[in-house]
Asks: 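This structure is in C-alpha cells; I'll ask about it shortly.
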Amino acid sequence: MNKMLDPKLFRNDIEATAAQLAKRGFSLDTALLIDLEEQRKAFQIKTQELQNQRNTRSKSIGQAKARGEDIQPLLAEVSQLGADLDAAKTEQDDVLAKIDDILSAVPNLIDHSVPDGASEDDNVEIKRWGTPRIFDFEVKDHVDVGAGIGNGLDFESGAKLAGTRFAVLRGQIAKMHRALAQLMLDVHTEEHGYQEMYVPYLVNQDSLYGTGQLPKFGEDLFHTDLSNKKFSLIPTAEVPLTNLLRNEIVEETELPIKMCAHTPCFRSEAGSGGRDIRGLIRQHQFDKVEMVQIVKPEDSFTALEALTGHAEKILERLELPYRTVILCTGDIGFSATKTFDIEVWLPAQNTYREISSCSNMGDFQARRMQARFRSTETKRPELLHTLNGSGLAVGRTLVAILENYQQADGSVKIPTALQPYMNGLTQIG
RNA sequence: GGUGAGAUGGCUGAGUGGUCGAAAGCACUGGUCUUGAAAACCAGCAAGGGUUUAUAGCCCUUCUAGAGUUCAAAUCUCUAUCUCACCGCCA
C-alpha cells in the first residue's frame with residue numbers, strides 16, 4: 001500500500017487535488033479514479049460484511065461446542081462462506097492494486113509560495129552572496145588544478161579501480177576533502193543544534209520505500225544481490241536518518257528532532273547521460289554532510305528557511321560566492337512541497353552550480369513511513385513533517401575551493417575557516 | 001558459519017485452537033480524598049482502515065513479516081527477518 005498523499009484528498013476533493021497536481025505538470029485521470037473509488041467502496045463493504053458474518057458464525061460454533069451441542073448443521077451453514085469471502089477479497093485486492101498503481105505515481109502537492117515554471121530556467125533567484133573573484137590569469141578548472149597538486153585528483157586511477165565516474169583523491173587534496181566534512185559537522189553540531197549520527201550505508205527496501213526512492217526511482221540506486229537479502233547503497237543520508245522515525249510515535253515534546261551525518265552517497269546516474277562526465281561534479285560515489293529535521297506540521301516551512309540558512313552558513317564560512325534559488329513547479333522533486341537549491345560559483349564554468357538542495361517534504365514521507373507524534377493537545381498520533389538538505393556536498397565544495405582559490409602558480413589558498421582543520425596550512429600545492 | 005532459545009500493547013510480562021484486541025504489573029490520563037502534594041481508592045488508557053458532518057456509534061484488520069491448515073489462529077505448519085546464549089572465525 002503506497003499511500004503518498006492523503007487518500008481522502010482523492011475521495012473528497014479530487015478536482016482541486018488534480019488542479020494542484022497539474023501545476024507541476026502531472027495529469028491525474030480523475031474519471032478513472034472516481035470510478036475505481038466507487039468500486040473500492042462497494043467491494044470493501046462487501047468483504048467486510050462477509051468477514052463479519054464469518055466471525056459471528058465462528059463464534060456461535062465455538063459456543064455451541066462448549067455446550068456440547070451438535071455442530072454439524074452449523075458447519076454446513078458456513079460452508080459457502082469461505083469461497084464467497086475469497087472471491088470478494090480477490091475483487092477488492094484487484095481494485096486496490098489498480099488504485100495503488102495510480103496513487104503511487106502521484107507526486108507531492110506543491111506549496112503555494114512556489115513559482116510556476118516549466119524547467120530549471122524558471123527557477124527564481126532569491127539571494128546572492130559574495131562577489132565572484134576577478135582573475136588576472138587564465139582560470140583552470142578543478143580537474144587541472146587538482147592534477148597539478150601532486151596528482152591529487154586522479155580520475156584515471158578511479159577508472160582503473162572501478163570505472164567511469166569514480167575518482168581517487170591523493171595527499172593534500174584528500175586531506176582537504178576530509179577537513180571539509182569535519183568543518184561542516186562541527187558547525188552543524190556546535191552552532192546549529194544538530195545531533196551527529198553515524199548510520200548504515202546499506203539499507204533495506206523498506207527504508208527506500210519510506211523516503212520515496214522506491215518504487216519509482218530504483219534505477220537510480222546501486223543494489224546488492226545476495227541470495228537471501230537485498231541491500232541498497234544509500235543515495236543520500238536522508239534515507240537512513242529519516243527512516244529512524246519509521247513506524248515510530250514520538251512525543252510532541254521531543255520535537256523538533258535535528259540530525260546530521262557525514263556519509264558517502266552512491267548514485268547510478270542512470271538518467272544523466274553524458275552530462276558532467278569531466279571532473280568531480282557528478283560521480284557514482286561522493287561524500288555529503290546531510291541535515292534532517294523532523295518537525296510539527298505547523299513548523300515545517302519555518303524550519304525549511306532555517307535549514308537552508310544552515311547550509312548557506314558553510315559557504316559563508318568558506319567565503320565562497322553563492323546564490324539561492326527556489327525551484328519552480330516544473331523543476332521541483334517528486335516528494336517535495338518546496339525546495340531551495342544553493343548554487344556555488346564555479347569560475348571555470350563561469351556559472352553557479354548546485355551544491356545543496358533543501359526540501360520540505362511535508363507529510364509525504366511521514367505518511368509512507370507512519371512517522372508520527374502524539375499531540376499533547378489531542379493525545380492522538382499525527383503525521384510528522386520531514387525536511388532534509390545537504391550541508392554540503394563535500395566533493396562539490398572541494399571543487400569550488402580548488403577553482404575559486406586557485407593562484408597563478410598552480411597552488412590553492414586554503415580558506416581561513418578551514419586552516420585549523422589543515423594543521424594551520426594556508427595553502428596547498 | 002554451527003547449535004539452542006526467543007519475538008505479544010509505551011515498558012515488563014501472562015496466554016498452546018473458540019466469547020482474546022489480548023490477564024497482571026509499571027507508566028500515563030481523569031476523578032474521589034487533601035490546605036497543597038504524596039499515598040490510597042475508583043475509572044480510563046493500542047494502532048491502521050471502512051462507513052459517517054463526527055476525534056459519536058457500528059464494522060473490518062493487526063500479537064515481527066509473508067504464506068498455509070481450520071467454520072474459527074497470538075496459539076498449529078512452512079519461509080524470511082531480527083534478538084539473545086554458547087561454540088567456531090574475524091577487524
Side-chain angles (χ1 to χ4, degrees), chain A residues 1-13 33-34 36-97 99-100 103-104 198 200-210 214 224-232 240 243-255 257 297 363 365-384:
Chain A
M1 205 56 28
N2 293 310
K3 294 168 296 175
M4 304 181 97
L5 293 178
D6 188 344
K8 290 192 167 64
L9 285 175
F10 297 102
R11 290 174 197 165
N12 304 335
D13 211 5
L33 206 51
I34 290 170
L36 287 172
E37 174 54 24
E38 263 175 42
Q39 293 182 45
R40 187 224 101 224
K41 195 163 169 174
F43 288 139
Q44 187 161 0
I45 289 173
K46 184 177 170 191
T47 302
Q48 293 190 355
E49 171 56 28
L50 286 169
Q51 284 172 326
N52 187 12
Q53 277 187 40
R54 182 203 55 195
N55 291 346
T56 42
R57 298 293 181 91
S58 292
K59 238 171 221 183
S60 55
I61 290 176
Q63 288 167 342
K65 197 176 176 186
R67 288 192 298 264
E69 297 171 10
D70 182 14
I71 298 177
Q72 274 323 112
L74 289 171
L75 286 183
E77 262 181 61
V78 293
S79 62
Q80 184 57 30
L81 210 52
D84 290 348
L85 217 166
D86 282 346
K89 203 146 190 204
T90 304
E91 288 175 320
Q92 178 190 267
D93 288 347
D94 189 47
V95 174
L96 285 177
I99 293 176
D100 192 50
L103 295 194
S104 67
Y198 173 82
Y201 304 156
L202 287 162
V203 295
N204 59 31
Q205 307 304 289
D206 285 347
S207 294
L208 294 170
Y209 274 96
L214 293 179
T224 63
D225 189 13
L226 284 72
S227 57
N228 60 342
K229 223 179 244 191
K230 188 164 184 182
F231 290 126
S232 301
N243 271 284
L244 283 167
L245 276 294
R246 175 154 48 87
N247 290 326
E248 299 289 337
I249 302 176
V250 299
E251 293 301 323
E252 183 172 340
T253 51
E254 296 174 51
L255 301 172
I257 297 170
D363 63 12
Q365 295 178 325
R367 179 170 295 105
R368 322 190 76 197
M369 292 192 300
Q370 284 300 301
R372 294 162 293 169
F373 70 100
R374 192 174 296 280
S375 159
T376 49
E377 192 189 339
T378 66
K379 312 275 188 229
R380 306 180 70 82
E382 294 179 31
L383 291 173
L384 290 158

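We use all heavy atoms of the structure for the numbers below, so side chains are in, but hydrogens, waters and symmetry mates are not. Keep in mind the model is a prediction, meaning the values are calculated, not measured. We name chains A, B, ... by the order of the sequence lines, and we start the count at 1 in each one.
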Asks: Rounding to an integer number of Å, can you tell me how far A/Asn204 CG sits from B/rC82 P?
Replies: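 Nearest whole value for this atom pair: 9 Å.
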Asks: Supply the atom-to-atom distance A/Leu85 CG to A/Glu49 CD, rounded to the nearest 0.5 angstrom.
Replies: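 These two atoms lie 10.5 Å from each other.
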Asks: Looking at every non-hydrogen atom in both residues, tell me the closest pair between A/Asn243 and A/Gly210 and how far apart they are.
Replies: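 It is OD1-CA, 3.9 Å.
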Asks: Would you kindly give the CZ-to-P distance between A/Phe231 and B/rA80, to the nearest whole Å?
Replies: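 Roughly 15 Å, once rounded to whole Å.
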Asks: Whole-Å distance between B/rG49 C1' and A/Lys89 NZ?
Replies: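 In whole Å, B/rG49 C1' lies 13 Å from A/Lys89 NZ.
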Asks: Would you mind telling me which of B/rA47, B/rG50, B/rU55 lies closest to the side-chain atoms of A/Lys8?
Replies: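 Of the candidates, B/rG50 comes closest.
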Asks: Paired with B/rU52 by Watson-Crick or G-U wobble geometry, both distances under 3.5 Å: which nucleotide is it?
Replies: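 Pairing partner, where one exists within any strand: none, as none qualifies.
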Asks: Could you list, one pair per line, each protein nitrogen or oxygen that sits under 3.5 Å from a nitrogen or oxygen of nucleotides 56-61 of chain B, together with the distance?
Replies:
unit_1	atom_1	unit_2	atom_2	d
B/rC59	O3'	A/Asn52	OD1	3.4
B/rC60	OP1	A/Asn52	OD1	3.1
B/rC60	OP1	A/Asn55	ND2	3.3
B/rC60	O3'	A/Gln51	OE1	3.2
B/rC60	O2'	A/Gln51	OE1	2.6
B/rU61	OP1	A/Arg54	NH2	2.8
B/rU61	OP2	A/Asn55	ND2	3.2

Asks: Can you tell me the base-pairing partner of B/rA46? Count Watson-Crick or G-U wobble geometry only, both distances below 3.5 Å, and say none if there is no partner.
Replies: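 Per the H-bond distance test, B/rU62.
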Asks: Output the rounded distance in Å from CD (A/Glu248) to P (B/rA47).
Replies: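 So the CD-P distance, A/Glu248 to B/rA47, works out to 15 Å.
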Asks: Considering residues at least two apart in sequence or located in another chain, which fulfil the salt bridge (Lys or Arg N to Asp or Glu O under 4.0 Å) criterion with A/Glu38?
Replies: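 None.
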Asks: Applying a 3.5 Å limit to both distances, which nucleotide forms a Watson-Crick or G-U wobble pair with B/rU75?
Replies: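 WC or wobble partner does not exist here.
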Asks: Hey, is A/Glu248 close enough to A/Arg372 for a salt bridge, meaning N to O under 4.0 Å?
Replies: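 Between A/Arg372 and A/Glu248 there is no salt bridge, as every charged N stays at least 4.0 Å from the carboxylate O atoms.
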Asks: Could you go through the side-chain contact (heavy atoms from CB on, under 4.5 Å) check for A/Gln48 and A/Ile45 one step at a time?
Replies: CA-CA 5 Å; A/Gln48 293 190 355; A/Ile45 289 173; 6.0 Å; no
Asks: With the criterion being N/O to N/O and under 3.5 Å, what pairs connect the protein with nucleotides 63-70 of chain B, and how long is each?
Replies:
none

Asks: So, are A/Glu382 and A/Arg374 salt-bridged, with charged N and O less than 4.0 Å apart?
Replies: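 Between A/Arg374 and A/Glu382 there is no salt bridge, as every charged N stays at least 4.0 Å from the carboxylate O atoms.
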Asks: Only one of A/Ile257, A/Leu255, A/Asp363 forms a side chain to side chain contact (heavy atoms under 4.5 Å, CB included) with A/Leu384, so which one is it?
Replies: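 Passing option: A/Leu255.
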Asks: Could you go through nucleotides 17-19 of chain B and list every protein N or O atom that sits under 3.5 Å from one of its N or O atoms, giving the distance for each pair?
Replies:
unit_1	atom_1	unit_2	atom_2	d
B/rG18	O6	A/Lys65	NZ	3.3
B/rG18	N2	A/Ser58	O	2.8

Asks: When the C1' atoms of B/rA74 and B/rA23 are compared, how many Å lie between them, rounded to an integer?
Replies: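 Here B/rA23 and B/rA74 have their C1' atoms 14 Å from each other.
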Asks: If pairing requires Watson-Crick or G-U wobble contacts with both distances under 3.5 Å, which nucleotide is the partner of B/rC82?
Replies: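 With both distances under 3.5 Å, B/rC82 matches B/rG6.
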Asks: Tell me: CZ of A/Arg374 to P of B/rC45, nearest whole Å?
Replies: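 About 13 Å, once rounded to whole Å.
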Asks: Taking all non-hydrogen atoms of both residues into account, name the closest pair between A/Leu74 and A/Ala64 and its distance.
Replies: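 A/Leu74 and A/Ala64 have their closest heavy atoms at CD1-CB, 3.8 Å.
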Asks: Find the distance A/Arg372:CZ to B/rG10:C1' and express it as a whole number of Å.
Replies: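 Roughly 13 Å, once rounded to whole Å.
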Asks: Contacts to RNA chain B from residues 36-45 of chain A, heavy-atom cutoff under 4.0 Å, which residues?
Replies: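 Within this stretch, A/Arg40, A/Lys41, A/Gln44 sit under 4.0 Å of the strand.
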Asks: Across all strands, who's sitting opposite B/rU35 as a Watson-Crick or G-U wobble pair, both distances under 3.5 Å?
Replies: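 WC or wobble partner does not exist here.
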Asks: Between atom CG of A/Leu96 and atom NZ of A/Lys89, what is the distance when rounded to the nearest 0.5 Å?
Replies: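 A/Leu96 atom CG to A/Lys89 atom NZ measures 10.5 Å (nearest 0.5 Å).
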Asks: Roughly, in whole Å, what's the span from CD in A/Glu251 to C1' in B/rA27?
Replies: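 To the nearest whole Å, that distance equals 11 Å.
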Asks: In whole angstrom, give the distance that lies between atom CZ of A/Arg367 and atom P of B/rA47.
Replies: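 Spelled out: CZ on A/Arg367 to P on B/rA47 is 18 Å.
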Asks: If pairing requires Watson-Crick or G-U wobble contacts with both distances under 3.5 Å, which nucleotide is the partner of B/rG21?
Replies: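 Here B/rG21 is not engaged in any pair, so there is no nucleotide opposite it.
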Asks: For nucleotides 11-14 of chain B, give me every protein contact, N/O to N/O, under 3.5 Å, one pair per line with atom names.
Replies:
none

Asks: Can you tell me the base-pairing partner of B/rA91? Count Watson-Crick or G-U wobble geometry only, both distances below 3.5 Å, and say none if there is no partner.
Replies: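 Its partner is none (no Watson-Crick or G-U wobble pair with both distances under 3.5 Å).
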Asks: Looking at A/Glu77 and A/Arg57, does any basic side-chain N land under 4.0 Å from a carboxylate oxygen?
Replies: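 So A/Glu77 pairs with A/Arg57 through a salt bridge.
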